[in-house]
Amino acid sequence: MKIETSIFQRKIILNSLKGSIIRLNPITLIRNPVMFIVEIGALITTILTIFNIYTGVSFIFDLQISIWLWFTVLFANFAEAIAESQGKARAESLKRTRAEAPANKILKDGSIENVSALTLQRNDCVLIKENEIIPSDGDIIEGTALVDESAITGESAPVIRESGGDKSGVTGGTKLLSGTIKVRISVNPGETFLDNMISMVESAKRQKTPNERALEILLLGLTVIFLTVVITLSAFSDYMGITIPIAILIALLVCLMPTTIGALLPAIGIAGMDRLLQHNVIALSGRAVEAAGDVSVVLLDKTGTITLGNRMATEFIPAEGVDAKELIEASLMSSLADETPEGRSIVKLGKKELKVQGKDIHPSKESVFVPFTPETCMSGVDAGLKKIRKGSTNAIEKFVTNNGGSVPAEIKNIVDEIAVKGDTPLVVASNTQVLGVIRLKDIVKQGIKKRLLQLRHMGIKSIMITGDNPLTAASIAAEAGVDDFSAEAKPETKLQMIRDYQTGDQQYLVAMIGDGTNDAPALAQADVAVAMSAGTAAAREAANMVDLDSSPSKLLDIVEIGKEILITRGALTTFSVANDVAKYFAIVPAIFASVYPQIGVLNIMQLSSPASAVLSAVIFNAIVIPFLIPLSLSGVKFRATSSVSRLLGLNIMIYGVGGLIIPFIGIKAIDIVITFLGLGVKI
């Protein structure tokens, strides 16, 4: 769900105006060196005006220059303030969600103690019942529930969360609509996902990205150069016998400095993170937002990311000579303690096939359940001398071989047939005998193929990475439309693949999307790491972005916004520098034309007087900032294309030409108004 937040709301405008004034504090403004120098210039001209110190020009002229220099600073502050206000408005609504709630803490002796949610620590276990608020972040360790996450995501439709698998994560502040669950808390007080969301949404705490810092250094360098030029110009004019008033020198400096991009730069970065928030993506790192604009490779976990993740048992296929009932009973017994969605679906299907109720199925007292691990790739039960296992073909083959048996060729053929159709085969064995195969079906998420095609058009390679066998992986990859896939991948495989892309000859920027604990190492290594909010706490902690909608297709929005930030900065920087050229033709003739009439040829705009020329340039320099605020907040729109550099070049050309033409039109129009109103006093 996309959250639309208009900047033209009375409350946002008023808060932004207040923030503009607060930011006049030099200690705050020094973070933006360009606008800090403009403020110093405004302060100097104001002092000269108030104390009526002789500057070589009229009091009215000094007053107008001072006013418009202060407006320049205020407009710059307003751009940053209005960008922050959108995020802060969302943060306030989240803070209301974080109301203190009671929690039913499970003590070591199994008793329940009612405590404050704010006192819960990592690894505490709580019992949550129907219509109760989930007190803190954690993973479901027992039960299945329907959860209302609208307070976090804005989506009204409830979602299913269950123990085991990659949909076990729950978020504090959401509401349990039905069911009863036990949750193991995964964070300490103040470290919840909601707390982190609030902290990151409040844009004032946003860290500047490397590109933003590099651009600031460039702007500061240009400012130092123009400051040197103005100081030198003053000395040069004295040598020529021309006295340049201080107000005009300051006006020249402000107009020549890249004030437009200097004023809008903070707003562009803040607005980028806010646009992600409008798409229900929380960016935990500004660096990641920009990196998204340069991503070349994206790795997608299959289960829960490309597919819905809840693989359901749909069929029991016995081996030749094995009774179907024997296979079903073995499958059912090996899954009684399996809390994964797959395990529960096997139990459900087995009971249906055997036409038995839950109370009729119970393991013997000597039964010992063997849990699934990524290393063994199988689970089961030991009942006396009988060892029942279910798992991948390779794992079961290794199991029966170690016990002196073998996997029949017909079983391998069944496995291949199931895998070719995109389903998952689960082989069942008892000691040395393979009993048959369970078919598990998984469903590719709707719309994923179209979104991956759009990524391909951007020049981004998509790779599905999964622990499934190659045939299953190939079938799902074809249906989803990924460019490549890696099967039977372990956590270390995913991690190494990302490192190989990052350190190879091309040194790609890599994005990773995942939701499971086994995805955490790869997410921590990726340049852009997107975790599904429905995923485990480990995945969310390792990522630098969290998708509240748990939709892998959201990566397209993330990439587009990253590219929009880069293109917007490039376009507005070009516009700002081009502006300086036009303002040069307004102010320089005004300074020297009276003594050197030949320089009047540079007065291309035919401005009415030197005073009007300087004042018109200063006014245009100020008012162009608020006119560009909507563009800096919405960004220069990105159109899907494989040639991003060509798109960037096109925008630079458009805004470069616009930056040259618009000032000529604007300054001339202001000059006409000033002359009509009689404000063009003589210098």
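No experiment lies behind these values; they were computed from the predicted model shown.
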Kindly say whether [Y] contributes a backbone atom to a donor-acceptor pair with the side chain of [X] at under 3.5 angstrom?
X: Arg31; Y: Thr28; answer: yes
X: Asn77; Y: Gly19; answer: no
X: Asn579; Y: Phe575; answer: yes
X: Ser632; Y: Ile629; answer: yes
X: Asp547; Y: Met532; answer: no
X: Thr259; Y: Cys255; answer: no
X: Asn544; Y: Asp527; answer: yes
X: Ser576; Y: Leu572; answer: no

Quick one: [atom1] on [X] to [atom2] on [Y], what's the gap to the nearest 0.5 Å?
X: Ile250; Y: Leu253; atom1: CD1; atom2: CG; value: 8.0 Å
X: Ser612; Y: Asp671; atom1: OG; atom2: CG; value: 3.5 Å
X: Ile460; Y: Leu455; atom1: CD1; atom2: CG; value: 5.0 Å
X: Met35; Y: Leu265; atom1: CE; atom2: CG; value: 11.5 Å
X: Phe226; Y: Leu233; atom1: CZ; atom2: CG; value: 12.5 Å
X: Glu39; Y: Leu29; atom1: CD; atom2: CG; value: 5.0 Å

Nearest atoms (heavy-atom pairs only) where [X] meets [Y]:
X: Pro663; Y: Gly658; result: CD-O, 3.8 Å
X: Phe61; Y: Ala611; result: CE1-O, 3.5 Å
X: Ser616; Y: Ile674; result: OG-CD1, 3.5 Å
X: Ala76; Y: Ala263; result: CB-CB, 3.2 Å
X: Gly262; Y: Asn32; result: O-ND2, 2.8 Å
X: Lys583; Y: Ala617; result: CD-O, 4.3 Å

If we only count heavy atoms from C-beta on, is the [X] to [Y] side-chain gap below 4.5 Å?
X: Val528; Y: Leu509; answer: no
X: Leu566; Y: Asp294; answer: yes
X: Asn621; Y: Thr72; answer: yes
X: Met458; Y: Glu560; answer: yes
X: Leu631; Y: Tyr655; answer: yes
X: Trp70; Y: Leu43; answer: yes

Do the ring planes of Phe71 and Phe75 sit parallel (below 30°), tilted (30 to 60°) or perpendicular (above 60°)?
parallel
Criterion side chain to side chain contact (heavy atoms under 4.5 Å, CB included) on Ile670 and Ile623, from CA distance to verdict:
CA-CA 11 Å; Ile670 295 170; Ile623 65 175; 3.9 Å; yes
Among Ile268, Val577, Val34, whose side-chain contact (heavy atoms from CB on, under 4.5 Å) with Ile261 holds?
Ile268
Step-by-step side chain to side chain contact (heavy atoms under 4.5 Å, CB included) determination, Ile65 to Leu615
CA-CA 7 Å; Ile65 291 293; Leu615 192 55; 3.9 Å; yes
Taking it one step at a time, do Phe78 and Ile625 satisfy side chain to side chain contact (heavy atoms under 4.5 Å, CB included)?
CA-CA 9 Å; Phe78 182 76; Ile625 295 172; over 6 Å; no
Dump the intermediate steps for side chain to side chain contact (heavy atoms under 4.5 Å, CB included) on Thr45 and Asp62, then the final yes or no.
CA-CA 7 Å; Thr45 57; Asp62 277 350; over 6 Å; no
